Chemist: 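Attaching a single structure in structure tokens format; questions to follow.
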There are 2 protein chains.
Amino acid sequence: MQWKTSIKGFLLDVTGVLYNSASDGIGEVIPGSIEAVKRLCEKSNVRFLSNESTSTREELHKKLLKLGFSIKLEHLFTPAPVSARYLNSKSLRPHLLVKEAVEAEFIDCNRKNPNCVVMGDAEECFTYDALNEAFRVLQKIDDPLLISLGNGTYILTLFFGKFYKRTDGPCLDVGGFAEALIYATNCRHTVIGKPSPEYFDAALEDMGLDSGSVVMIGDDILSDCGGAMKHGLKGVLVRTGKWKNCPNGRTTRA
Amino acid sequence: MQWKTSIKGFLLDVTGVLYNSASDGIGEVIPGSIEAVKRLCEKSNVRFLSNESTSTREELHKKLLKLGFSIKLEHLFTPAPVSARYLNSKSLRPHLLVKEAVEAEFIDCNRKNPNCVVMGDAEECFTYDALNEAFRVLQKIDDPLLISLGNGTYILTLFFGKFYKRTDGPCLDVGGFAEALIYATNCRHTVIGKPSPEYFDAALEDMGLDSGSVVMIGDDILSDCGGAMKHGLKGVLVRTGKWKNCPNGRTTRA
């Protein structure tokens, strides 16, 4: 009962909790989730915490509206905008290796004379030339820093989250490419996305709540629940999304 | 004196010892090296041990002849042909991620239904699609094996050999891309090239000599000299090539 009364807010993962990805690029609503979100939002403080970095926050928001969710844009957290705020707060000037559309998220960042590299799930933009360009930026910096959007930490990804599945098959995610740059430059590496504490903090701060009064609901036992619980939140694992589909890798992105 | 009389053969690194790379794709002979090679070959058993994997052995041989070296093709070792023999000896069927020209080195290998991935310095062939294809091959195998051509081991490359320099700037080598695939698949990883023992063995076997009677001469204190000495050979470090140019990375390939 103590548990119930002390909870003031919820963080919800998106893919695998609200909807499942599908080949049409839109996906399918998970039965009951629209109603559940509605009820939660009526009674509690709710934020949506996704690790999506192949599209912009606006694009993901539009997709959720189209699927029938009633969610405010400002309540949806994706790694790129959080990363952009983090960069500005630390006077970091990023060299970007992200999909072209996602560059728009960094419009307020100073990108001249970069002092770090920010990398997302760039997919076909991971060319040898683009990777070399990022590598050369890091190589020129005294204490090089790589920020990657949404991949798990190495230890966690020994078990989960080392790749993701698209309709055409499993695909390398940003984590592998981060390893390549770390190998070549010995750079420091920061992940903005679950399960990083800074990412949970961004949502908690926006809610005005401390970690002890918030529950994270997700389908990834490590990035969602493990990351949240390590940071003092409570974790609830749903039996949809990747929990159901894939013991050995990410079936969904976020 | 004991040292002098017990030596019956020499292994020579190629780039940085015989010639230096240059923007014309041919390079410049290192002064005195043509005569030194000639004298060594007259009096001793000599093999040339390169880590080159962007071109075929034949292409490298032609380059050396053009530069004025008198070297037999069969005395020149590069990782791809050694790897092809290794694959056949172990009944391994490779999926190749190498430059197109280098595929010819594997003409005698069975490439149907691959049970390993062989990766060289594929440069612009390291596309997202090509890397995903290699990843998917590894993912389907029960005990996945990645063989990479010529990159150093992780511990060694903490200090050296994590990238190489082209005339347009430093470039990611096969090592970083190997890390990406290892991260995503937890595959086993074998390196064919210096400093791997199998690579030294291939040359020693061809000379009919044991390691104690052979000297490795190279410009890389770890891959050449360290690798050789760890394997029972003697090591001599020349003060040309990468020794001279670059304390923090490979200036040359092999």
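Everything numeric in this text was worked out from a predicted model, so none of it was measured. So you know, we letter chains A, B, ... as the sequences are listed, proteins then strands, and number each from 1.
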Chemist: Looking at every non-hydrogen atom in both residues, tell me the closest pair between A:Arg136 and B:Cys171 and how far apart they are.
Modeler: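 So the two residues come closest at NH2-SG, 3.4 Å.
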Chemist: Kindly give the heavy-atom pair with the smallest separation between A:Ala180 and B:Gly176, and that separation in Å.
Modeler: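 Heavy atoms only, the tightest pair is CB-O, 3.2 Å.
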Chemist: Find the distance between CG (B:Asp129) and OG1 (A:Thr127) and round it off to the nearest 0.5 Å.
Modeler: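 Between atom CG of B:Asp129 and atom OG1 of A:Thr127 there are 12.0 Å.
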Chemist: With side chains defined as the heavy atoms from C-beta onward, is the minimum distance between A:Tyr128 and B:Cys125 less than 4.5 Å?
Modeler: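 A side-chain contact under 4.5 Å is absent here.
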Chemist: Quick check on B:Glu28: does its CD atom have over 12 non-hydrogen neighbours (other residues, nucleotides or ligands) under 6.0 Å away?
Modeler: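 Atom CD in B:Glu28 is not crowded, with 12 or fewer foreign heavy atoms closer than 6.0 Å.
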Chemist: Examine distances only and state if a side-chain atom of A:Asn132 and a backbone atom of B:Leu172 form a donor-acceptor pair shorter than 3.5 Å.
Modeler: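 Between the backbone of B:Leu172 and the side chain of A:Asn132 there is a qualifying donor-acceptor contact (under 3.5 Å).
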Chemist: Identify the two heavy atoms, one from B:Glu179 and one from A:Tyr183, that lie closest to each other, and give their separation to 0.1 Å.
Modeler: CG-CD1, 3.3 Å
Chemist: Relative to chain A, which segment of B:Phe126 carries a heavy atom at a distance below 4.5 Å: side chain, backbone, both, or neither?
Modeler: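 B:Phe126 touches chain A through backbone and side-chain heavy atoms alike.
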